[in-house]
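Take a look at the structure below.
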Amino acid sequence: MIAEAKNVFVFGTDWGERNTAEFLARNFMSVGIYMTIIPSITELRWICEKIQKDDVIIIISYSGEGKDVTELSQLLKLKKVKIISVTPLTKNQLSNLSSNNLYYQATQLEGVSEDPNTEYNLFTTLHVVLDALFRNYFDNFYLP
């Protein structure tokens, strides 16, 4: 889908996900695929108005849930836009609405903060999954 897309957009739902989106876009830049990073939900709404069915959007999420992302993914699906979701391996709305799914498992570190509402997650497996996506493209579609 990435090889055939007119435009490729990448959206990460939070800081860790956006960080890995930049990593993914950097890798693809090296082979001439230029991905547009969508910085926030506001810009995702703008993109949803203009995106076409020959475009691809990659949405990276920690939960695959969330009212805004679900609503916008439903709109994208109605417009027949190809969605690649990158979520934890759980049943979630985003993966149900997506054309293709990639999965990872984040590790939550306990004891980083005494505040029970604060969490710290390691996204090592997310990096590995996105690196595998790039390597697959490089090995199967890249023509130097």
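The structure presented is a predicted model; accordingly, all values stated were derived computationally and were not measured.
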Contact between Leu44 and Ser40 at the side-chain level, heavy atoms closer than 4.5 Å - yes or no? no

Working to the nearest 0.5 Å, report the span between OH of Tyr103 and OG of Ser95. 4.0 Å

For a 4.5 angstrom cut-off between non-hydrogen side-chain atoms, does Asn101 reach Val86? no

Please tell me if the side chains of Arg18 and Phe11 come closer than 4.5 Å, counting only heavy atoms from C-beta onward. no

When rounded to the nearest 0.5 angstrom, what distance separates CD1 in Ile47 from CG in Asn7? 8.5 Å

Answer with yes or no whether the hydrophobic clustering places Met1 together with Val31; edges join I, L, V, M, F, W, Y residues whose side-chain heavy atoms lie under 4.5 Å apart. yes

Contact check, side chains of Val10 and Ile60, non-hydrogen atoms, under 4.5 Å: yes

Is Phe23 linked to Tyr104 within one hydrophobic cluster, defined over Ile, Leu, Val, Met, Phe, Trp and Tyr using a side-chain heavy-atom separation of less than 4.5 Å? no

List the atom of Ala21, the atom of Ile37, and the distance in Å for their closest heavy-atom pair. O-CD1, 3.4 Å

Please answer: with hydrophobic residues joined when any side-chain heavy atoms are less than 4.5 Å apart, are Ile59 and Ile51 in the same cluster? yes

Please answer: with hydrophobic residues joined when any side-chain heavy atoms are less than 4.5 Å apart, are Met29 and Tyr137 in the same cluster? no

Can you tell if the side chain of Asn27 reaches within under 4.5 Å of the side chain of Asp131, non-hydrogen atoms only? yes

What residues form a side-chain contact (heavy atoms from CB on, under 4.5 Å) with Lys6, not counting sequence neighbours? Asp54, Asp55

What are the two closest non-hydrogen atoms of Lys53 and Lys79, and how far apart are they? CB-O, 3.6 Å

State whether a side-chain donor-acceptor pair under 3.5 Å links Thr87 with Asn92. yes

Do Val8 and Ile57 touch side chain to side chain, with heavy atoms closer than 4.5 Å? no

Going hydrophobic residue to hydrophobic residue with side-chain gaps under 4.5 angstrom, can you get from Ile38 over to Ile84? no

Residue pair Ile83 / Ser73, side-chain heavy-atom distance below 4.5 Å: yes

Option from Phe28, Phe141, Tyr142 for which ring pair (Phe, Tyr, Trp, His ring centres under 6.0 Å) with Phe134 holds: Phe28

